[in-house]
Amino acid sequence: MPVQTVSVAGNFRVPVPANEPSRDFAPGSQEAQDVLKKISEVKSAVRDLPHVINGERIFTGETSDVVAPHEHSLVLGKLPSADAATTQSAIEASLKAQENWALTPWWERAAIFLRAGNLAAGKYRDELVATTMLGQSKTFHQAEIDAASEVADFFRYNAHLAQQIYADQPASLQGDFNSLDQRPLEGFVLAITPFNFTAIAANLPSTPALMGNTVVWKPSASSALSSDVIMRLLEEAGLPAGVINMVHGSGKDISEIAIKHKDFAGLNFTGSTDVFRSLWKSVGENIDNYRSFPRLVGETGGKNAVLAHPSADADAVRTALVRSSFEYQGQKCSASSRAYLPRSVWNKIKDDVVDTVRSFKVGDVAKHETFVGAVINEAALRRMEGAISRAKALESHTLLVGGTVRPEEGWFVDPTIFVTTDPTAFTMSEEFFGPLLTVFVYEDSEFEAILPLVDQASPYALTLSIFASDRSAISTALTALRNTAGMTYVNDKPTGALMGQVSFGGGRASGTNDKTGSRLSLQRWVSGRFIKENLSPATGWTYPYLDLSSYAP
Ligand code: NAD
């Protein structure tokens, strides 16, 4: 049998990654003008946003409009919806591409994603930012840190993390040569991505692919515009046809077909907890049909808390609260939506918090003065409207600011803060995924007593902030709240994870905590095989203890 040949050999090393700097977009700056020009270009034509299967663009089934959330009469694209045959052909394309891709040396796969990182930071940068601003209603700053910097970071850091995984080899004592073969999974991986981060949409299909798997990718309809750019960028970077197959349509229908397939090898999901639970149940129902036990990775909902101690720097608490609750309209999975503040701190910052939030400009994200855009769609607006009116009806809740929705031009929800006397209220436990913050004020002497409440009020465990100057208060809270969050920030806001620094993921109802952006998350997409080669195989079967020839008791 011929030995597989590769064109080059060596112990390859990918570039050491560094976080891609974000641009400032000062009004009138060249970078702001460039992105505004790109926005005009994207707005000027309705884009077809086809499925991409085996490298072919396919436009089947019913189409729906992709619109700008902050200007919902503006149609940006037409999105097809996969029927069963289209989904099936995406699965078949993945399976067909699998053998060659799995045999492609890891450094060649890594080179494709490294190039994708440079394309995201360079040629495609403005288009990624513009489509994320228009399609997902992010401001200049929010779009840049997500769609330019974090997309590039994911591609570059993942290549580096993959190198570490392949470099990790077992010891070989004299006489043996031991090695670890990190095989891709047998079958295809299904990646289902949420609307809120272009970087997550880029990362979830790419991590399994980097590790040698082939993928069926179902993007969110609400981020289809930027997902289309990601797909084109990956193709230009050299990703072979069939390695990532993008299908649009009903997540339920597409996943039902994929999960029933005997070659379903894994799910890389980010989205809401209920959807992940339903997918996990379907996998359970089909467990007898699979060749291997599928890998299930899910990063899901959050109800993230900001907790302050009486020794906290009040100004730092105020800034963290307003930024992490209202940037990107509270639609970051890490956004804070409940706060536990001592009376002394609250008395210092309350008026300022309310005035600041009231001053936020809510509107068109392409205007420099806008701090808050629109929520993603009408369903999100109605969900926020419902939560706000439920809270207004409670005696335990006092509305401090906001409380209104304005759906006429865009799906605008005014940043809203309630203060509550009931720390067990629904506003302190349920995820709404919008610009709604509820504050519970405790007496300064009660810090330790409220820690169990912070831990138990909600089923989620994603991010948490602890503000204090008193070191013992920080230690007490870190210990009592050890399982309350997968990411705990001390004297910092609970948003803003960064590749190579703070990896993302939470436990309990927030997901499988596989830490997106870390080596752990790549490890899920390989299945190790240990190879032991004996350099001097034994030729006799007997052992010294059996040898009685010179034994004289
Ligand atoms: P979502 O669950 O509504 O949708 C996520 C994806 O699942 C989309 O592609 C959607 O089309 C698909 N989907 C919807 N219903 C489905 C079904 N029945 N079967 C299969 N697929 C289905 O979530 P979203 O609104 O896009 O995103 C917001 C949610 O994502 C929030 O709960 C947020 O906390 C969470 N999120 C978590 C993280 C994290 O890292 N923990 C990151 C981002 C978002």
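Whatever order the structure lists ligands and atoms in, that order sets their numbers, starting from 1.
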Among T463, V275, L462, closest by any non-hydrogen atom to atom 13 (N) of ligand 1:
V275
Taking atom 1 (P) of ligand 1 as the reference point, report whether a protein heavy atom occurs under 4.0 Å from it.
yes
Would you find more than 12 non-hydrogen atoms of other residues, nucleotides or ligands less than 6.0 Å from E409 atom CD?
no
Numbering the atoms of ligand 1 from 1, which are under 4.0 Å from a heavy atom of F269?
7 (O)
Whether E256 and K252 form a salt bridge (side-chain N of Lys/Arg under 4.0 Å from carboxylate O of Asp/Glu) is what I want to check.
yes
Just need the protein heavy atom nearest to atom 18 (N) of ligand 1, so name the residue and atom and give the distance.
K252 CB, 3.8 Å
Side chain, backbone, both or neither: the part of E431 lying under 4.0 Å from ligand 1 by heavy atom
side chain
among protein heavy atoms, the one nearest atom 39 (C) of ligand 1 is E299 CB, 3.5 Å
Sub-4.5 Å side-chain heavy-atom contact between W101 and L239:
yes
What about T300: any of its N or O atoms under 3.5 Å from an N or O on ligand 1?
yes
Report yes if T193 has an N/O atom closer than 3.5 Å to an N/O atom of ligand 1; otherwise report no.
yes
Lys NZ or Arg CZ of K218 over F269 ring: under 6.0 Å, within 45°
no
Does ligand 1 have a heavy atom under 4.0 Å from the side chain of F197, from its backbone, from both, or from neither?
neither
Check this for me: does any side-chain nitrogen of one of R47 and E127 sit under 4.0 Å from a carboxylate oxygen of the other?
yes
What protein heavy atom sits nearest atom 12 (C) of ligand 1, and how far away is it?
I192 CG2, 3.7 Å
For C333, take its heavy atoms, then give the atoms of ligand 1 lying under 4.0 Å from any of them.
34 (O), 36 (N), 37 (C), 38 (C), 39 (C), 40 (O), 42 (C), 43 (C), 44 (C)
Give the atom numbers and elements of ligand 1 that come within less than 4.0 Å of a heavy atom of S255.
19 (N), 20 (C)
Atoms of ligand 1 less than 4.0 Å from S220 heavy atoms?
9 (O)
Determine, for R508 against D455, whether the closest basic-nitrogen to carboxylate-oxygen distance falls under 4.0 angstrom.
yes
Distance to the ring centre below 6.0 angstrom and angle to the axis at most 45 degrees; does that hold for K138 and Y328?
yes
Which residue from F433, F432, F276, W217 reaches closest to atom 28 (C) of ligand 1 through any of its heavy atoms?
F433
For F504, atoms of ligand 1 separated by under 4.0 Å from a heavy atom:
39 (C), 40 (O)
Where ligand 1 meets I200 - atom numbers and elements under 4.0 angstrom, heavy-atom basis
42 (C), 43 (C)
Output the list of atoms in ligand 1 that are nearer than 4.0 Å to some heavy atom of N196, sorted by atom number.
43 (C), 44 (C)
Is the number of heavy atoms from other residues, nucleotides or ligands within 6.0 Å of CD (E62) greater than 12?
no
Measuring only between side-chain heavy atoms, which start at C-beta, is I257 closer than 4.5 Å to D253?
no
Select the closest option to atom 30 (O) of ligand 1 among G271, P194, G301, S278, judged by heavy-atom distance.
G271
Should the proximity of S272 to ligand 1, defined as any heavy atom under 4.0 Å, be assigned to the side chain, the backbone, both, or neither?
both
Atom CZ of R323: over 12 foreign heavy atoms under 6.0 Å:
no
NZ/NE/NH1/NH2 to OD/OE distance under 4.0 Å, E235 and R232
no
Ignoring angles and geometry beyond distance, decide whether T273 reaches within less than 3.5 Å of ligand 1 through its nitrogen or oxygen atoms.
no
Which protein heavy atom lies closest to atom 11 (O) of ligand 1, and at what distance to 0.1 Å?
K218 NZ, 2.6 Å
Polar contacts were defined as any N/O atom of the residue lying under 3.5 Å from an N/O atom of the ligand; does this apply to F195 and ligand 1?
yes
With a 4.0 Å cut-off, would you call D228 and R57 a salt bridge?
no
F155 vs F113 aromatic rings, parallel, tilted or perpendicular, using cut-offs 30° and 60°?
tilted
